[in-house]
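For reference, the structure discussed in these notes is given below.
To find a chain, count down the sequence lines: A is the first, B the second, and so on, and within it residues start at 1.
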Protein chains: 2
Amino acid sequence: MIITRQADYAIRCVLFLASKPVGIATMIGEIADSMGIPKSFLAKILQRLSKAEIVSSIRGVRGGFVLKRDVSDINLLEVIQSIDGPVAINRCAIDKHICGRSCNCSVHPIWIKLRALIQDYLSAVTFDKLVDTKGSIGTQKISLEGEIYGQRLSVR
Amino acid sequence: MIITRQADYAIRCVLFLASKPVGIATMIGEIADSMGIPKSFLAKILQRLSKAEIVSSIRGVRGGFVLKRDVSDINLLEVIQSIDGPVAINRCAIDKHICGRSCNCSVHPIWIKLRALIQDYLSAVTFDKLVDTKGSIGTQKISLEGEIYGQRLSVR
DNA sequence: TGAAAGAGGATATAATTTGTCCTGTTTATG
DNA sequence: CATAAACAGGACAAATTATATCCTCTTTCA
Ligand code: SF4
Ligand code: SF4
């Protein structure tokens, strides 16, 4: 029900790269230090992000990583999926064949719908909406204004 | 990111009990057989459902389990929570103190909002909306268009 | 050529999930 | 009262997954 640490690391990593000037490669070590990620673990994560065409790697001396696409063209959903695989709350929403009851199950459609809801939400969050919001949540494009369960959302 | 098998079993179990006439206790064995759940595993699950006041247990000869409340007063969220604990996509949405970065993290508010979305959705699905829909999925009662019995489920 | 940097496989460790078993307690019933 | 049916709850075993490190290989710049 919870994304893995790897996926959270991946998001941090993309967020960090998104804050860098385009065209400047960043080494694994720098990302790892800045974002508090174990370096050799991050190396693995970047391999997956690379396969998903979210980042580009540059090998050799003076190498590193760069975002492969514009920040506005990378969203939370695909970063998570590139690491954790399909997003869903129950497995049957990913593949109904893994459960023999799915055809007669009245709960199954709930998971399908909820999955769509979550995916829609996550895919709408692109990284241009996440960068440079530090310390200013509430005044930004992401509609977080208002209250959630009586608690004012504020990041300081 | 995915509910445990236990939680799915719990939902099946409540669904089964919800289909029984009120006041009739059902033994673990019968629920287990009907819903395809390992019997001794289900016993554990029922203990948790009992602690959460979702079911009542009746001990001794002719004992078994009954729903403790009306089907319309039991929803998916609380059944899941009684088994898996708090529902969220990222741990920091449950307790921001587990991540030292949460105060300066621009992604954190996203998880808070998404969690509220999911919880609202799941708590709107009560078991009276799930019973007796077997075999009629896709006809009208539960549609994938976001309505259940004509009531809009989405939480904006 | 050689040092810097990523690629990728193998492996280790820990945590969680799934499930069983055994003993004890409650209770209807003859 | 005795007994068997049924749940309660702790201990524990097995499997799976998550987290993380290490080592060797390849690429590339200077
Ligand atoms: S029982 Fe229903 S909800 Fe649970 S996994 Fe099977 S299909 Fe999905
Ligand atoms: S980094 Fe941000 S999103 Fe990830 S856990 Fe910490 S607060 Fe939550």
Nearest whole Å is fine: how far is [N] [atom2] from [X] [atom1]?
X	N	atom1	atom2	result
B/Leu42	C/dC21	CG	C1'	16 Å
B/Arg48	D/dA8	CZ	P	14 Å
A/Leu46	D/dA20	CG	C1'	15 Å

Fill in: Pairs flagged by side-chain hydrogen bond (donor to acceptor under 3.5 Å, both in side chains) wherever residues 36-62 of chain B is involved - sequence neighbours left out
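Found B/Glu53-B/Lys68.
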Using atom types as modelled and distance alone, determine if a side-chain donor or acceptor of [X] lies under 3.5 Å from a backbone N or O of [Y].
X	Y	result
B/Arg115	B/Val87	yes
B/Ser106	A/Leu130	yes
B/Arg91	B/Cys99	no
A/Lys20	A/Leu67	no
B/Ser123	B/Asp120	yes

Does a side-chain heavy-atom distance below 4.5 Å link [X] with [Y]?
X	Y	answer
A/Leu49	A/Leu46	yes
B/Ile110	A/Tyr121	yes
B/Leu15	B/Val131	yes
B/Ser34	B/Glu30	yes

Scan nucleotides 10-14 of chain D against the protein and return all N/O pairs shorter than 3.5 Å with their distances rounded to 0.1 Å.
{"from": "D/dG10", "atom 1": "N7", "to": "B/Lys44", "atom 2": "NZ", "distance (Å)": "2.8"}
{"from": "D/dG10", "atom 1": "O6", "to": "B/Lys44", "atom 2": "NZ", "distance (Å)": "2.6"}

Fill in: side-chain contact (heavy atoms from CB on, under 4.5 Å) involving B/Glu78 - partner list, sequence neighbours excluded
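Checked B/Glu78 against side-chain contact (heavy atoms from CB on, under 4.5 Å); matches are B/Ile54, B/Arg69, B/Ile74, B/Asn75.
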Worksheet entry | Full working for side-chain contact (heavy atoms from CB on, under 4.5 Å) between B/Ile80 and B/Ile11 | CA-CA 7 Å; B/Ile80 294 170; B/Ile11 294 167; 4.0 Å; yes
Please produce a list of atom pairs where a protein N or O lies less than 3.5 Å from an N or O of nucleotides 3-6 of chain C.
{"from": "C/dA5", "atom 1": "O4'", "to": "A/Gly60", "atom 2": "O", "distance (Å)": "3.4"}
{"from": "C/dG6", "atom 1": "OP1", "to": "A/Ile28", "atom 2": "N", "distance (Å)": "3.0"}
{"from": "C/dG6", "atom 1": "N2", "to": "A/Arg59", "atom 2": "NH2", "distance (Å)": "3.1"}

Practice prompt. Please determine if B/Asp8 and B/Arg12 form a salt bridge, counting it only when a charged side-chain N lies under 4.0 Å from a carboxylate O.
Written response: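 Salt bridge flag = yes for B/Arg12 with B/Asp8.
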When you compare the protein's N or O atoms with those of nucleotides 17-19 of chain D, which come within less than 3.5 Å of each other, and at what distance?
{"from": "D/dT19", "atom 1": "OP1", "to": "A/Arg5", "atom 2": "N", "distance (Å)": "3.2"}
{"from": "D/dT19", "atom 1": "OP2", "to": "A/Arg5", "atom 2": "N", "distance (Å)": "3.2"}

Check: protein-nucleotides 11-15 of chain C nitrogen or oxygen pairs below 3.5 Å:
none

